[in-house]
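All figures in this text were calculated on a predicted structure; none of them were measured in a lab.
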Amino acid sequence: MIIVTNTIRVEKGSLEHVVRQFTGSDSGHGGAAQHIQNVNGFLGFELWETDLPDADYEELTVMSKWESAAAQQAWVKSDAFKKAHGRTKDSREQKRDRKGILENKITQYQVRHVVPLSDRGIAHE
């Protein structure tokens with residue numbers, strides 16, 4: 001299993017806009033979260049907001065979990081990925097709407113060990 005993170009630094013006040021771009025919650029085209037759900041080898045997707053109270057920017061980390069690096073690479077090369085990220089002729093207007101992004105860094109991790117949550121009668125989100 002691998003985990004890929006995309007840590008995105010955005011201008012202060014732009015974080016919610018970037019979150020909506022990933023979730024598709026403010027448009028009819030859907031975001032990456034909608035397009036990725038049925039991809040072979042996909043295991044999960046989360047958005048993490050970094051707590052940076054004194055910074056002059058905001059930060060969002062996009063985490064996706066995959067059965068293999070090959071499955072993740074197939075997603076990146078797919079038409080669905082291109083559409084979700086505004087990289088097709090039909091979605092260029094979506095790309096223009098990605099305001100506030102200052103920089104990003106993509107990191108891939110090979111999962112070496114997992115300790116599963118034990119069932120102690122506690123509801124987990």
Side-chain angles (χ1 to χ4, degrees):
M1 173 177 29
I2 67 161
I3 291 177
V4 177
T5 61
N6 182 3
T7 302
I8 305 166
R9 185 176 288 190
V10 300
E11 295 171 355
K12 263 220 187 282
S14 296
L15 186 84
E16 289 306 318
H17 176 77
V18 175
V19 168
R20 288 190 304 271
Q21 287 290 311
F22 276 95
T23 63
S25 60
D26 67 346
S27 67
H29 60 72
Q34 175 186 330
H35 293 281
I36 200 171
Q37 290 179 15
N38 296 315
V39 173
N40 287 336
F42 172 69
L43 300 174
F45 176 90
E46 297 177 12
L47 298 177
W48 303 334
E49 178 181 349
T50 307
D51 184 16
L52 300 167
D54 299 326
D56 61 350
Y57 61 90
E58 295 175 297
E59 191 173 84
L60 182 72
T61 298
V62 182
M63 185 281 297
S64 59
K65 194 180 297 186
W66 299 89
E67 288 178 359
S68 66
Q72 193 272 338
Q73 283 301 305
W75 156 245
V76 170
K77 293 178 182 179
S78 73
D79 289 338
F81 176 91
K82 292 173 187 169
K83 183 174 182 181
H85 291 82
R87 297 182 184 167
T88 66
K89 185 177 181 180
D90 295 335
S91 61
R92 298 248 196 276
E93 71 284 349
Q94 178 185 347
K95 186 174 185 178
R96 285 192 296 268
D97 196 33
R98 293 199 181 245
K99 63 183 178 187
I101 296 177
L102 300 171
E103 64 184 23
N104 74 303
K105 178 183 177 186
I106 296 175
T107 307
Q108 180 174 309
Y109 304 88
Q110 178 68 42
V111 177
R112 300 287 305 259
H113 183 77
V114 175
V115 177
L117 293 174
S118 62
D119 184 10
R120 296 178 287 174
I122 300 172
H124 302 284
E125 292 183 16

Rounded distance [0.5 Å steps], [atom1] in [X] versus [atom2] in [Y]:
X      : Y      : atom1 : atom2 : result
Ile106 : Thr61  : CD1   : OG1   : 11.5 Å
Thr5   : Met63  : OG1   : CE    : 9.5 Å
Leu60  : Glu16  : CG    : CD    : 9.0 Å
Gln72  : Leu43  : CD    : CG    : 12.0 Å
Asn6   : Lys105 : CG    : NZ    : 11.0 Å

What is the minimum heavy-atom distance between [X] and [Y], and which atoms define it?
X     : Y      : result
Gly41 : Ala71  : CA-CB, 3.8 Å
Met1  : Gln110 : O-NE2, 3.3 Å
Ile2  : Ala69  : CD1-CA, 3.5 Å
Trp75 : Phe81  : O-CB, 2.8 Å

Parallel, tilted or perpendicular: ring planes of Trp66 versus Phe42, cut at 30 and 60 degrees: perpendicular

Test side chain to side chain contact (heavy atoms under 4.5 Å, CB included) applied to Ile101 and Val18, step by step: CA-CA 8 Å; Ile101 296 177; Val18 175; 4.1 Å; yes

Connected via hydrophobic side-chain network under 4.5 Å: Ile3 and Val114: yes

Just distance, no hydrogens or angles: give the donor-acceptor pairs under 3.5 Å from side chains in residues 47-58, sequence neighbours left out.
| residue | atom | partner | partner atom | Å |
| --- | --- | --- | --- | --- |
| Trp48 | NE1 | Glu46 | OE1 | 2.7 |
| Thr50 | OG1 | Glu59 | OE1 | 2.9 |
| Tyr57 | OH | Arg9 | NH2 | 3.3 |
| Glu58 | OE1 | Gly13 | N | 2.8 |
| Glu58 | OE1 | Ser14 | N | 3.3 |
| Glu58 | OE1 | Leu15 | N | 3.2 |

Stepwise side chain to side chain contact (heavy atoms under 4.5 Å, CB included) test for Ile8 and Val62: CA-CA 8 Å; Ile8 305 166; Val62 182; 4.0 Å; yes

